[in-house]
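These notes are about the structure you will find just below.
Indexing begins at 1, ligand by ligand and atom by atom, following the structure's order.
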Amino acid sequence: MEILKTIKELKSKLILIDGSLGFVPTMGALHKGHLSLLKSARKENEILVASLFLNPKQFSPDEDFHNYPRNIEKDISIFSDSGVDFVFMPDEDQVYPKGFSTFINNLEGGVFEGEFRDRHFEGVLTVVAKLINIVNPKRIYLGEKDAQQLFLIKKMLEDLNFDVIVRPVETIRESNGLACSSRNSYFSRKEFVDAGNIYQSLLKVCTLWKEGENDSSRLKQEFQKNLEKLDDMEIQYVEIVDPDTFKIINSLKNIKKSILIVAVIFKGIRLIDNIILD
Ligand code: PAF
């Protein structure tokens, strides 16, 4: 495995490569969710490239960019154990040189995550577009946990005619159901256990829907009711949307597939999760 810090170095290696190239972009602090992305990418491609870049442009000023977990040595050994061929690990000025001023935005990105995280998606779409142009992969691997991010990246690639296949990878969960996230490391043991209630509440909504409840408001109330018992829990949003358009669905009558998306702040830590109602 080679670690490359500049675009020039990386390109000089990739130009010599013949064969399908899979790409896993990350911000480091790797967990089981990333392992699953790397595993899928390793299986399907001849060459595997991963990036490790903690993208400052996708953090709002009030977010945890400066405290975000960083564990470069551990990340590198995970990449190596996962069969990564090249790790692209640029400094900030490689990605955003002085005078950088072009950003990619999506007019529909101002809702849900976009409402609570100022300019977040602008930062995500811009960095992903840049990384794809640098790496030029055949396939890119993204987690389904970040459902709105996945939707907006797919939309960008389609709208701007990028020639890359998106491979969504299923959310990986801890034994209590909590979706794996780099931010889970902020929790104490007890908080971690309690945070499992988020997924348990999503499952309860799913059960209610399977029993025939089609009214979105009642399904959303079920989620809220289940989490009310937890101290220091604030629900930022809970919505049911069409997975192909991310438009809100009010009645699930005759709807075959939808997705319940949620964001909560538990003990000061912001978490997102979702479940597909299929
Ligand atoms: O999902 C993430 O880790 C990030 O948003 C991504 C896609 C690596 C872009 O920085």
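Of all heavy-atom pairs between Glu239 and Lys220, the closest is OE1-NZ, 3.1 Å.
Other residues, nucleotides and ligands contribute more than 12 heavy atoms inside 6.0 Å of the CG atom of Asp62.
Checking each of Val87, Asp81, Asp85, Leu48 against Met1 for a side chain to side chain contact (heavy atoms under 4.5 Å, CB included) leaves exactly one that passes, namely Val87.
Taking the ring axis of Phe65 as reference, the NZ or CZ atom of Arg70 stays within 45° of it and closer than 6.0 Å to the ring centre.
The protein non-hydrogen atom at the shortest distance from atom 4 (C) of ligand 1 is Gln58 NE2, 3.7 Å. Counting protein heavy atoms only, atom 1 (O) of ligand 1 is closest to Gln149 NE2, 2.8 Å. If you check which protein heavy atom lies closest to atom 3 (O) of ligand 1, you get Met27 CG, 3.9 Å.
Aromatic ring orientation, Phe266 versus Phe187: tilted (interplanar angle from 30° to 60°).
Within ligand 1, counting atoms from 1 as listed, the ones closer than 4.0 Å to a heavy atom of Val127 are 9 (C), 10 (O). Of all atoms in ligand 1, listed by their number and element, those nearer than 4.0 Å to a heavy atom of Pro25 are 8 (C).
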